[in-house]
Amino acid sequence: MQEFFPYNNPDILGHQEQEQEFLNAYYSNKMHSSRIIHGVEGIGKATFAYRIAKFLISNAEVDGLGFLEDKKTLSIPENSSVFKLVASSSCPDLLLVSREFDQKSKKFKKEIVVSDVRKINEFMHKTSSNGNYRVVIVDEADKMNRNAQNAILKILEEPPAKTVIILVANNIGAFLPTIKSRCRTLKLNSLNNDDLKQLIYKYCSSLSSEDVEKVALLSEGSIGKAIKIYNQNGLKVYEDLMCLLSKNMTSKEVHKICDYYGMSKNDDDYNLMINMLKDFLNKKIISLAKQQDMDNVFGIEKELLANLTVNSLISKKAKVEELISDTEKSNLDRNKILLYIFNSIF
């Protein structure tokens, strides 16, 4: 099965209203030169941004394959030259700015810095290859540090003609107020359950119908989260989490699970376990506060931590987040931290 990324994905689900909003602005000549596309992680924001880019760079005609003026979506033909260039990351009229990969640590850097933003200035001095739009996409733009934000602010103040800058962000609150004031914002919503399951069937084709339902419950409207759960055997990770919280395990079994997730070679599994724990605690707090049942993936969620008050659970969650943060900052023994969380906090 073909692997799709935001730049080569021809399809998108669940954001028809926002797509129409953009098209209305485009066809009425009211399109803003800079936009913030925001929403929770993994719902197709980057795919939406690339969809806009391909549409604008193609502009009125695509290699004689048809005019775009009467189109009601942002899609362009997959066999057009613009689609192929963007899909191969070789389009001269599109610039992607994102966190750099650190060759020493073999990880992406935590921030977008000034030197990354300076690439935009270089790009702005070039002319369009076809006389149409040029587009800049800043992915994870909410990870720009203060200096990088100040640098891009100057660009947003006086962008060149027929240039569109798209900031893709999970957390719009991370931007300077002056950046938000200079951009048109477009919020994408979490996917509804039907759209989400349709995408899970497409990208996670080996899952059974039962497991698709479970993954959909855990991913909360995010196809990105669903794919991560699928790729990392996340149902097993969640099952381990439920076992740890249930207290129906021997000390030896608890140590075995914490030893596994504490190993440095199991970074991805550890991070997934921690994120699932945070998500579970958030859901539990809401369910207790509203006196509503939680989504049951394995059928035991309702009973877990049910004896705690909302305030007590909020306090425990804060303690867990503090420990996890300290572990990352100080490179503490993750095995011991996990044991403390599941033996002493819960």
Side-chain angles (χ1 to χ4, degrees), residues 1-23 26 35-59 62-63 65-66 68 71-99 108 132-141 164-170 186-207 212 215-216 219-232:
M1 183 176 66
Q2 181 181 357
E3 190 170 6
F4 288 107
F5 299 94
Y7 51 83
N8 71 349
N9 195 340
D11 303 314
I12 196 166
L13 276 179
H15 309 305
Q16 294 88 346
E17 182 180 333
Q18 290 83 355
E19 187 163 312
Q20 194 59 55
E21 179 184 331
F22 181 89
L23 286 167
Y26 174 81
R35 281 186 177 268
I36 296 174
I37 298 177
H38 66 105
V40 299
E41 185 176 357
I43 57 174
K45 299 186 300 297
T47 299
F48 195 93
Y50 275 100
R51 196 169 170 86
I52 289 174
K54 286 179 279 196
F55 175 86
L56 291 177
I57 295 168
S58 298
N59 198 256
V62 186
D63 295 347
L65 297 171
L68 295 179
K71 290 181 68 67
K72 294 187 181 160
T73 75
L74 290 166
S75 64
I76 68 171
E78 290 181 62
N79 58 343
S80 69
S81 62
V82 169
F83 191 100
K84 291 176 180 177
L85 285 169
V86 172
S88 62
S89 302
S90 56
C91 181
D93 298 315
L94 173 63
L95 174 68
L96 172 67
V97 176
S98 59
R99 290 181 294 145
F108 284 96
N132 294 328
Y133 278 90
R134 292 172 299 160
V135 180
V136 176
I137 296 175
V138 184
D139 197 14
E140 297 183 297
V164 172
I165 300 172
I166 304 174
L167 308 181
V168 179
N170 297 331
L186 190 63
K187 181 180 180 181
L188 302 191
N189 300 317
S190 298
L191 301 174
N192 65 47
N193 198 48
D194 289 340
D195 287 342
L196 178 61
K197 287 196 290 185
Q198 183 177 335
L199 290 173
I200 294 174
Y201 277 113
K202 177 180 179 180
Y203 298 125
C204 314
S205 56
S206 66
L207 287 177
V212 166
V215 170
S219 52
E220 300 179 289
S222 167
I223 183 57
K225 186 183 288 188
I227 292 172
K228 185 180 292 186
I229 290 170
Y230 171 71
N231 288 336
Q232 294 181 218

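Just so it is clear, the model here is predicted, and its values are computed rather than measured.
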Quiz item: In chain order, what residues pass the salt bridge (charged side-chain N to carboxylate O under 4.0 Å, His left out) check against Asp194, with sequence neighbours excluded?
Solution: none
Practice problem: Mind listing the closest non-hydrogen atom pair of Gly14 and Asp195 along with its distance? | Solution: CA-OD2, 3.5 Å
Exercise. List in chain and number order the residues that pass side-chain hydrogen bond (donor to acceptor under 3.5 Å, both in side chains) with Asn189, two or more places apart in sequence or in another chain; answer none if no residue qualifies.
Key: none
Quiz item: So which heavy atom on Phe83 is nearest to which on Pro77, and how close?
Solution: CB-O, 3.4 Å
Exercise. Check ring-ring contact (aromatic ring centres under 6.0 Å, His included) between Tyr230 and all other residues, then give those that pass, not counting sequence neighbours.
Key: none
Quiz item: Under the salt bridge (charged side-chain N to carboxylate O under 4.0 Å, His left out) test, which residues partner Arg134, sequence neighbours left out?
Solution: none
Self-check item: Closest non-hydrogen atom pair between Ser58 and Asn132, with its separation
Solution: O-ND2, 3.4 Å
Self-check item: Residue list, side-chain hydrogen bond (donor to acceptor under 3.5 Å, both in side chains) with Gln18, at least two apart or on another chain
Solution: none
Quiz prompt | With sequence neighbours excluded, residues passing side chain to side chain contact (heavy atoms under 4.5 Å, CB included) with Val212 | solution = Lys197, Ile200, Tyr201, Leu207
Self-check item: Matching residue for Phe55 among Tyr26, Tyr133, Tyr50, Phe48 - test: ring-ring contact (aromatic ring centres under 6.0 Å, His included)
Solution: Tyr26
Quiz item: Of all residues at least two apart in sequence or in a different chain, which pass the side-chain hydrogen bond (donor to acceptor under 3.5 Å, both in side chains) check with Arg99?
Solution: Glu140
Practice problem: Check for a donor-acceptor pair, side chain of His15 on one end and backbone N or O of Ile43 on the other, with a separation under 3.5 Å. | Solution: yes
Quiz prompt | With sequence neighbours excluded, residues passing side chain to side chain contact (heavy atoms under 4.5 Å, CB included) with Leu85 | solution = Ser90, Cys91, Pro92
Quiz item: Is there a donor-acceptor pair closer than 3.5 Å between any side-chain N or O of Ser222 and the backbone N or O of Gly42?
Solution: yes
Quiz item: Just wondering, do Ile57 and Leu94 contact through their side chains at under 4.5 Å, heavy atoms?
Solution: yes
Quiz item: Which pairs with one or both residues in residues 39-48 pass salt bridge (charged side-chain N to carboxylate O under 4.0 Å, His left out), sequence neighbours excluded?
Solution: none
Self-check item: Pairing residues for Lys228 by the side-chain hydrogen bond (donor to acceptor under 3.5 Å, both in side chains) criterion, not counting sequence neighbours
Solution: none
Self-check item: Partner residues of Glu19 under the salt bridge (charged side-chain N to carboxylate O under 4.0 Å, His left out) criterion, sequence neighbours left out
Solution: Arg51
Quiz item: Minimum heavy-atom separation for Ala141 to Leu167, with atom names?
Solution: CB-CB, 3.8 Å
